[in-house]
Protein chains: 2
Amino acid sequence: MLNDLELAAGDVQGGGKMELRLWLRLLSTTKLISQELRRRLRIEFNVTLPQFDVLAQLHREPDGLRLGDLSQRTMVTNGNITGLVERLETDGLLVRERLREDRRVTVARLTEHGRSEFERMAHAHESWLKELMRDMDPEVLTSLFSHVSEIKHAALTRFAATDELDGALD
Amino acid sequence: MLNDLELAAGDVQGGGKMELRLWLRLLSTTKLISQELRRRLRIEFNVTLPQFDVLAQLHREPDGLRLGDLSQRTMVTNGNITGLVERLETDGLLVRERLREDRRVTVARLTEHGRSEFERMAHAHESWLKELMRDMDPEVLTSLFSHVSEIKHAALTRFAATDELDGALD
DNA sequence: TATTGTTATACTCTATAACTATA
DNA sequence: TATAGTTATAGAGTATAACAATA
C-alpha cells in the first residue's frame, strides 16, 4: 500500500526540504479529499464545507453559540460568518436570537430540522471517510492524529495572534 | 510537546470515529496553516495560494506545461485555469504560447522574472515551514509524509475518476 | 470608548456548461 | 467528431474596513 514509486523517485530526502514536502503533500491531499467531500455534500445535502463546519460546531452546543465564538471556531472572520449563518437560517437549519442580558450578542443554534439534517450528513460523512481509510492500520491513524495535532499546536502558538488562541479545538 | 490535554480529554477513541476525527484534524490544521501562508504570500509577494501552486508546477518544467496538464496537476478545472494563468501573465510572471504543431495547444512557462520571483517565494515559504515544524522529529516528518501519501493514494484510487489519475504527483 | 455584529466592497475561487478553433 | 482552451455565469469564500447598536 506504500507508494514505493514515490519513495524510489527520491521523494523522501534526508536532507533539507522535508518540511516543505510534507506540507505540500498535506495540502494536496486535503484539497483532493475536500473537493470530493464538498461535491458529495452539495449533491446529497446541498451544503458547502464551511456550512457543514458551522453545523458541526453548533451540534456540539445544544444551547447555541455566540457568533463571535462560532467565528473563532470555524476560523471564518466575523464579517463573513454573518452571510454564512444567514444562508443556513434561510434554509431553516438554524435560528438566530439576540440575548436579553446583552443585546449586542447574537446566539445561533440548530433547529430540530437542522439537528436531524446534520446527523444525517455526519453519518454519511463518516462512512465516506471510513471507506477512504479502510486499509489504514488503526495504530497509524492514532499516531497520525497525534502528530498532526502537534503541528496544529505549533501553528496555533507560532502563527495565530495570542488572543485568538482559545477557540480552535476542532 | 504532545498536547496531553487533548488526549486526556478523550480525543483519541479506540472505538469507531477515528477516521472522522483524523480528517477533521487534518482539515483544521491545513486550513489554519493555509490562512497564514496565504496572508504572508499576499503581503510579501502579492500572489494567492493557487497561483503559487501554478508557479511551483511551472518551475519544475523549464519548457513549460500545456494548460491541460497544469489543470490536472493543480486540480483546478480547465475553465478556471484560464483566469488563473491570465492574472499571472498580466503580472509578467509567465507567458502563454500556442504550439505550432498543434495550434489548439497552449503552453505556459515562467518568464525570467517569474522564475526569480518564484524562487524568492519558495525560499520564504520553506523557511516559514521550517520554523513551524522546528520541534518535530525528522523521523516523524518522514513517517507522516509516507502515511499521508497512503491516504492520498487511497483518495486518488477511490475518489477520482480513473482517467484523471495521472497528474497529481505533487 | 470598547465590543458585537452587520454592511459594503473588491477580488478570487469553484463548478458547470456552452462555445470557438483546430485537428 | 474529438480535443484544447476560452468564455460565460452563478454562487461562495476571503479579507478589509466602515458602520450601527449596545454596553
message = With nearest nucleotide decided by heavy atoms, which residue, A/I81 or A/R39, maps closer to the 5′ end of DNA chain C?
response = A/I81
query = Would one find a side-chain N or O of B/R66 under 4.0 angstrom from OP1 or OP2 of D/dA4?
reply = yes
request  = Using a heavy-atom cut-off of under 4.0 Å over every strand shown, decide if B/G79 touches base, sugar-phosphate, or nothing.
outcome  = base
ask   = Distance check: side-chain N/O of A/R87 vs OP1/OP2 of D/dG11, anything under 4.0 Å?
value = no
query = Quick one: which of C/dC13, C/dT6, D/dT16 gets closest to the side chain of A/N78?
reply = C/dT6
key: From D/dA4, C/dT4, D/dT16, nucleotide with atom closest to A/T77 side chain   = D/dT16
query = Are B/L32 and B/T29 side-chain neighbours, meaning at least one heavy-atom pair lies under 4.5 Å?
reply = no
query = Within this structure, what is the CD-to-P distance between B/Q72 and D/dT3, rounded to whole angstrom?
reply = 14 Å
Close side-chain approach of A/L27 to B/S34, heavy-atom, < 4.5 Å = yes
ask   = If we ignore angles and hydrogens, is there a donor and acceptor under 3.5 Å between the side chains of A/H147 and A/E150?
value = yes
note = Walking DNA chain D from its 5' end, the first of A/L49 and A/D102 to be reached, judged by nearest nucleotide, is A/L49
ask   = For A/L84 and D/dG13, what is the distance between atoms CG and C1' respectively, to the nearest whole Å?
value = 9 Å
query = Would A/H123 and A/E126 count as having a side-chain donor-acceptor pair, cut-off 3.5 Å?
reply = no
Out of D/dT6, C/dT14, D/dT22, whichever nucleotide has its closest atom nearest the side chain of A/R103 = D/dT22
ask   = Does CZ in B/R98 sit with more than 12 non-hydrogen atoms of other residues, nucleotides or ligands closer than 6.0 Å?
value = yes
ask   = At under 4.0 Å, does any side-chain N or O of B/R98 touch on OP1 or OP2 of C/dA23?
value = no
key: B/R42 vs D/dT16: side-chain N/O to OP1/OP2 distance below 4.0 Å   = yes
ask   = Roughly, in whole Å, what's the span from CD in B/E86 to P in C/dT12?
value = 12 Å
message = Of the options C/dT14, C/dC13, D/dG13, whose atoms approach the side-chain atoms of A/R38 most closely?
response = C/dT14
message = For a quick check of understanding: with a heavy-atom distance under 4.0 Å over all strands, which category does A/T48 fall into, base, sugar-phosphate or nothing?
response = sugar-phosphate
query = Could you state the CG-P distance from B/D53 to C/dC13, rounded to the nearest angstrom?
reply = 11 Å
remark   = Between CZ of B/R100 and P of D/dA4 the distance, given in whole Å, is 21 Å
ask   = More than 12 non-hydrogen atoms from neighbouring residues, nucleotides or ligands closer than 6.0 Å to CZ on A/R109, yes or no?
value = no
query = Taking CG from A/L99 and C1' from C/dT3, how many angstroms apart are they, rounded to a whole number?
reply = 14 Å
Donor-acceptor pair under 3.5 Å, A/N80 side chain vs D/dA15 base = yes
ask   = What is the nucleic acid contact for B/T106, judged by heavy atoms within less than 4.0 Å: base, sugar-phosphate only, or nothing?
value = sugar-phosphate
key: Residue A/L67, side-chain atoms from C-beta onward, closest of C/dG5, C/dT16, D/dT7   = C/dG5
query = Once you round it to whole Å, what is the distance between C1' of C/dC13 and CD of A/Q35?
reply = 11 Å
message = Should the side chain of B/R104 and the base of D/dT3 be counted as holding a donor-acceptor pair, with the cut-off at 3.5 Å?
response = yes
message = Nearest whole Å is fine: how far is C/dT4 C1' from A/L65 CG?
response = 15 Å
